[in-house]
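Data block below; observations after.
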There are 2 protein chains.
Amino acid sequence: MKTQSATRKTFRREGEDKRREDLIAATLECVAERGLAGATVREIAQRADVTAGLIRYYFPTKDDLIGAAYRAVMNRMTVQASDALHNAAADPRSRLQAFVTANLGEPIMDPHNLSLWAGFIALVHADPAMAAAHRDGYLGFRDELEILIREALIASKKPAEPIHTRRHAIAINAIIDGLWLEGCLAGDIFADGELAETGIAAIEAVLGISLHTQGAE
Amino acid sequence: MKTQSATRKTFRREGEDKRREDLIAATLECVAERGLAGATVREIAQRADVTAGLIRYYFPTKDDLIGAAYRAVMNRMTVQASDALHNAAADPRSRLQAFVTANLGEPIMDPHNLSLWAGFIALVHADPAMAAAHRDGYLGFRDELEILIREALIASKKPAEPIHTRRHAIAINAIIDGLWLEGCLAGDIFADGELAETGIAAIEAVLGISLHTQGAE
DNA sequence: GCTCTAATTATGCAAGCGTATAAATACTCC
DNA sequence: GGAGTATTTATACGCTTGCATAATTAGAGC
């Protein structure tokens, strides 16, 4: 109907959570499409179908919104990878394989995610709070990986002391990160599933075990 | 002396190459210190001890300067890695090892380089020209790596057909990139040389050969 | 040493930015 | 259904940005 007043925008009052989520989602859209520089308060507001002033009602400053968006992305990727674990078989080697495959396929291996990630990483160096947030995320990921590695090694009757698993976790984390990077940047020059396969093979070589459930060494 | 006029800045005419280099260097300083957003024409000019207008005399647009700076960084890292090869022993395995070690140590593995790299990568997605520049750099690096791998495999009497070396190059490139990333982001949580060692060990496992000259399999 | 030109400075402009603040309005509660 | 309040809009301010352009000057060549 919007015959309300003359021109003033009609609106609905949404719950605080809903609005925050919408604003974060709109921010991510902006960053994905036009980079961090394209994520202006006005553009974000327009995408969330809201006027710019409202942003400040929910986020004291734009940087707070950006930071929240960063955490949302990292959290989303982490959750997606963990989901893959829940749907995986019980064998630890299958689980590790599922984890790696999930991280090296859609929707995690996506240029948009890289743009977001890179944009934030560039800020890490200047902003200590952001740096801390990032390190936590990184170590959390590596810890989760290290647990998977340990269980896979044990299932293959290989030594799995911390002295081994730590170094393996570092190396395998690098393999996943590196391949993720390559796939995000130039996914089109790789065959479908090639990066995941390459990653699995490399990890098998590093650990000296097979990740295919039957015929494990 | 500078009693020239009243206030006007005194200046010298520099060669075109010198000025371009200075401007690029100033740009890199800005990006490294305060991120891409901190690299404004005025800030860059100030750092190059020049007025802002001059930038446009050498670079049609700011994006051109940014692009040139990106290429300069990538080129610098590439050259530094290649330098390590020239000082390496003749054995292909030693050369590969030297290449990896160089990429996973100072001055290549440096937070500043990561900040620069990440800031630019964030733009790749939005700017096709930058995307092309990046892809060239990436493929160049991987090709160089693939040659080293092939020669190392041959020296160890292993199969070195393109079908093998391509996939190995992808995997090993990922290992190097991933470890480089980890080292740049959180170098302080690793022991000295730990990442390089980890990388060498992982690469040896992937290739199934030893990279230490004596006692090669 | 004068001249001429290319390199450099100085100044200004229009647009877009984040943020502040006051006015308006949708919803809640009695 | 009327009052009150939390949410939302609207407007404006001060800054910074990239870019354009005119005025100046350092240095080369004769």
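Lettering of chains follows the sequences in order, A, B, ..., and the numbering in each one begins at 1. The figures that follow rest on heavy atoms only: side chains count, while hydrogens, waters and symmetry mates do not.
Spacing between atom CZ of A/R8 and atom C1' of D/dT7 amounts to 11 Å, rounded to whole angstrom units. Going from atom NZ of B/K9 over to atom P of D/dT25 covers 14 Å, rounded to whole Å. Separating the CG atom of B/L23 from the P atom of C/dT9 is a distance of 10 Å, rounded to the nearest angstrom. Put simply, CZ on B/F11 is 7 Å from P on C/dT8, counting in whole angstrom units. As rounded to whole Å, 10 Å separates atom P of C/dT8 from atom CG of B/D22. Atoms CD (B/E14) and P (D/dA26) sit 14 Å apart, rounded to a whole Å. Between B/L54 atom CG and C/dT9 atom P there is a gap of 6 Å when expressed in whole angstrom units. In this structure, the NZ atom of A/K18 is 14 Å from the C1' atom of D/dT7, given to the nearest Å.
For D/dT7, one of the phosphate oxygens OP1 or OP2 lies less than 4.0 angstrom from a side-chain nitrogen or oxygen of A/Y57. Dashed line: the shortest gap from a side-chain N or O of A/R19 to OP1 or OP2 of D/dT8 is under 4.0 Å. Side-chain N/O atoms of B/R12 include none lying less than 4.0 angstrom from OP1 or OP2 on D/dT25. Taking side-chain N and O atoms only, B/Y58 has a distance below 4.0 Å to OP1 or OP2 of C/dT8.
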Polar atom pairs (N or O), protein with nucleotides 17-19 of chain C, under 3.5 Å:
unit_1: C/dG18; atom_1: OP1; unit_2: A/K62; atom_2: NZ; d: 2.5
unit_1: C/dG18; atom_1: OP2; unit_2: A/V41; atom_2: N; d: 2.9
unit_1: C/dG18; atom_1: N7; unit_2: A/R42; atom_2: NH1; d: 2.9
unit_1: C/dG18; atom_1: O6; unit_2: A/R42; atom_2: NH2; d: 2.9
unit_1: C/dT19; atom_1: OP1; unit_2: A/T61; atom_2: OG1; d: 2.4
unit_1: C/dT19; atom_1: OP2; unit_2: A/K62; atom_2: N; d: 3.0

Could you list the donor-acceptor pairs under 3.5 angstrom formed by side chains in residues 100-109 of chain B, with sequence neighbours left out?
unit_1: B/T101; atom_1: OG1; unit_2: B/Q97; atom_2: O; d: 2.8
unit_1: B/N103; atom_1: ND2; unit_2: B/F99; atom_2: O; d: 3.0

Compile the donor-acceptor pairs under 3.5 Å between side chains in residues 72-81 of chain B and protein atoms, sequence neighbours left out, one pair per line.
unit_1: B/R76; atom_1: NH2; unit_2: B/N113; atom_2: OD1; d: 3.1
unit_1: B/T78; atom_1: OG1; unit_2: B/M74; atom_2: O; d: 2.8

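Cation-pi geometry between B/R71 and B/F120 is not satisfied (NZ or CZ under 6.0 Å from the ring centre, within 45° of the ring normal).
With hydrogens and angles ignored, the 3.5 Å screen pairs no side-chain donor or acceptor of A/N173 with any backbone N or O of A/I170. With hydrogens and angles ignored, the 3.5 Å screen pairs a side-chain donor or acceptor of B/E182 with a backbone N or O of A/A174.
No contact: B/E16 has no heavy atom under 4.0 Å from any strand.
Partner of B/T165 under the side chain to side chain donor-acceptor pair (under 3.5 Å) criterion, out of B/R150, B/E151, B/E146: B/E146 alone.
Taking every heavy atom of both residues into account, A/R47 and A/C30 meet most closely at NE-SG, 3.5 Å.
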